[in-house]
**Student:** 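Take this structure first; my questions come after.
Chain letters run A, B, ... following the sequence lines, proteins first, then strands; residues in each count from 1.
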There are 2 protein chains.
Amino acid sequence: MRIAELSQQSGVPVPTIKYYLREGLLPPGEFTSPNQARYGEPHVRRLRLVRALVDVGKVPIAAIRELLTYLDQPEPDLHKAIGSALEPGLQRERIATADLDQACADLDELIARRDWRVNAGSPPYQQIAEVMATMRQLGTGDLLARIDEYADAADRIAEIDLALVQRRGELHQGQGEEVVYGAVIGTIIGDALLQGLRRLAQENASARSFGIQSDCDPPQDESQEKAPSS
Amino acid sequence: MRIAELSQQSGVPVPTIKYYLREGLLPPGEFTSPNQARYGEPHVRRLRLVRALVDVGKVPIAAIRELLTYLDQPEPDLHKAIGSALEPGLQRERIATADLDQACADLDELIARRDWRVNAGSPPYQQIAEVMATMRQLGTGDLLARIDEYADAADRIAEIDLALVQRRGELHQGQGEEVVYGAVIGTIIGDALLQGLRRLAQENASARSFGIQSDCDPPQDESQEKAPSS
């Protein structure tokens, strides 16, 4: 197909497609003349992935380029691909070294308590340490009091993640790239899913705790609260 | 303090502070002459919050402005403040209406199954529906097979969130704004914490499941795998 049809099928405007081609987020099409190229189904699929990472995953272009580099290797490195979508370090210059050192020491203790087999210094490790230091700097260090319980929930989520990826491996026997593709989408786009679910669960928890009425409450709730009048 | 000292104390460069002042993210200082203003501790605190939301929370400037508007009201609306940091809808034009309708129907069923008291159509509701439709569009609808278990984990996280915010209310008796401030930071900056914990927990789960060696593994692991040679 030509670029106009690629645009139609993917819902991505032609100038944006050209930008992605220049930035190396989309492999070039097959040239049929010096000014015209033909694109295929893999281009549609790649464009959808890039748009989902940009729009839903809020991943910056440079990080997507890095992620795709890992994804396109014959034996993709899953942790590196997923890790490349995290961008810790932006906050670093504004955090006092002592605060960051303290956060790393606390995080090392958490990892030891849980007997987690993980790499200290990886992007998620850095991100957690920066969040911990930032929360203390904002005067909200008390919000870290139950980090072990958050880690319990993270363990549970990771178990589900792993089971879904293993199931995907059974569905797509011998297609290792489908497993990696699923793990990347499940993790990065899945972060937006979990973020949304957490907000809904918070809304529900506070509605139940404080008795706040939701606009969605069925009308019978109201009638139950009223004393019978006749 | 003058703007130069404000910059030093907050770690935010002077041009960036001026930009925040123009954008209304930082209230103006007290003018001591037409070209000079004096700033106080609340400005340092506000700047730290804005930087944490930008750097750690990856919240866009326009969303922060909206969030601060809610936060600065005498009786802040917590759900609106937290919800304003979500930006669903960017992806919408690229999702077929039928796919989005299906996702909303599935989400409504999930909410009914869990008896969640929440508003349909709120920003997190929209975000979840968009993620569900996007995952299907990417050919990874199988990753939604265990969404109820993700929702269980979200319920658990929300319980911890609520307990931490209630504890904060006890620590800061009569200071309602501290509770809202804590809830906003706990949720938005907390998303980055949970995202990081999920990645570490994934790394641990796959290391244990597939026996992948972490760089951190103690050397005795290796000797255990080898048969004794003498």
**Student:** With respect to chain A, which residue among B:D155, B:L110, B:V165 yields the maximal number of heavy-atom pairs within a distance under 4.5 Å?
**Tutor:**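 The residue among B:D155, B:L110, B:V165 with the greatest pair count is B:D155.
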**Student:** For the interface with chain B, which of A:R167, A:R114, A:R45, A:E159 has the highest count of heavy-atom pairs at distances below 4.5 Å?
**Tutor:**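 Maximum pair count with chain B is reached by A:R167.
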**Student:** For chain B, which of A:A205, A:A201, A:A158 has the most heavy-atom pairs under 4.5 Å?
**Tutor:**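 Of the candidates given, the most pairs with chain B belong to A:A201.
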**Student:** From A:I111 CD1 over to B:N204 CG, what is the distance, rounded to the nearest 0.5 angstrom?
**Tutor:**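 Nearest 0.5 Å value for the CD1-CG distance: 9.5 Å.
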**Student:** Are any non-hydrogen side-chain atoms of A:L197 and B:I128 less than 4.5 angstrom apart?
**Tutor:**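 Result yes, sub-4.5 Å side-chain heavy-atom pair found.
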**Student:** Within the structure provided, determine whether A:I185 and B:T134 are in side-chain contact (heavy-atom separation under 4.5 Å).
**Tutor:**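 The answer is no, as the side chains (C-beta and beyond) never meet within the 4.5 Å cut-off.
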**Student:** Do you know which of A:D152, A:D115, A:L49 has the most heavy-atom pairs under 4.5 Å to chain B?
**Tutor:**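 Highest number of pairs under 4.5 Å: A:D115.
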**Student:** Looking only at heavy atoms and a cut-off of under 4.5 Å, which of A:G182, A:G139, A:G196 has the most pairs with chain B?
**Tutor:**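 Greatest number of close heavy-atom pairs with chain B: A:G196.
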**Student:** Taking side chain to side chain contact (heavy atoms under 4.5 Å, CB included) as the definition, give me every residue that meets it alongside B:D191, ordered by chain and number, with sequence neighbours left out.
**Tutor:**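 Side chain to side chain contact (heavy atoms under 4.5 Å, CB included) list for B:D191, sorted by chain: A:Q195, A:R198, A:R199.
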**Student:** Rounded to the nearest 0.5 Å, how far does CG of A:L107 lie from CG of B:L200?
**Tutor:**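 With rounding to 0.5 Å, CG (B:L200) is 6.5 Å from CG (A:L107).
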**Student:** Can you tell me how far OG1 of B:T140 sits from CD of A:E178, rounded to the nearest 0.5 angstrom?
**Tutor:**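 Result: 9.5 Å between the selected atoms.
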**Student:** With no hydrogens and no angle check, is any side-chain donor or acceptor of A:Q127 less than 3.5 Å from a backbone partner on B:A192?
**Tutor:**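 Judged by distance alone, yes, a pair lies under 3.5 Å.
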**Student:** Looking at side-chain heavy atoms only, is the closest gap between B:E203 and A:I82 below 4.5 Å?
**Tutor:**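 No - every pair of side-chain heavy atoms lies 4.5 Å or more apart.
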**Student:** Which distance, rounded to the nearest 0.5 Å, do you find between the OH of A:Y150 and the CG of B:D161?
**Tutor:**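 The CG atom of B:D161 is 3.5 Å from OH of A:Y150, to the nearest 0.5 Å.
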**Student:** What part of B:L78 gets closer than 4.5 Å to chain A, counting heavy atoms only: side chain, backbone, both or neither?
**Tutor:**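 Nothing of B:L78, per the 4.5 Å heavy-atom cut-off to chain A.
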**Student:** Just verifying a value: how many Å separate B:I189 CD1 and A:L138 CG, rounded to the nearest 0.5 Å?
**Tutor:**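 Rounded to the nearest 0.5 Å, the CD1-CG separation comes to 6.5 Å.
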**Student:** Which residue out of B:I157, B:T187, B:L194, B:L162 racks up the most heavy-atom pairs below 4.5 Å with chain A?
**Tutor:**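 Going by pairs under 4.5 Å, I would pick B:T187.
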**Student:** Donor-acceptor pairs under 3.5 Å, side chain of residues 5-13 of chain B to any protein atom, not counting sequence neighbours: which ones?
**Tutor:**
unit_1, atom_1, unit_2, atom_2, d
B:S7, OG, B:V12, O, 2.8
B:S10, OG, B:L6, O, 2.7
B:S10, OG, B:V12, N, 3.3

**Student:** To the closest 0.5 Å, what do you measure between CZ (B:R146) and CD1 (A:I160)?
**Tutor:**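 If we round to the nearest 0.5 Å, B:R146:CZ and A:I160:CD1 are 6.0 Å apart.
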**Student:** Top residue by heavy-atom pair count (under 4.5 Å) with chain A, among B:R168, B:M132, B:Q166?
**Tutor:**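 Highest number of heavy-atom pairs under 4.5 Å: B:R168.
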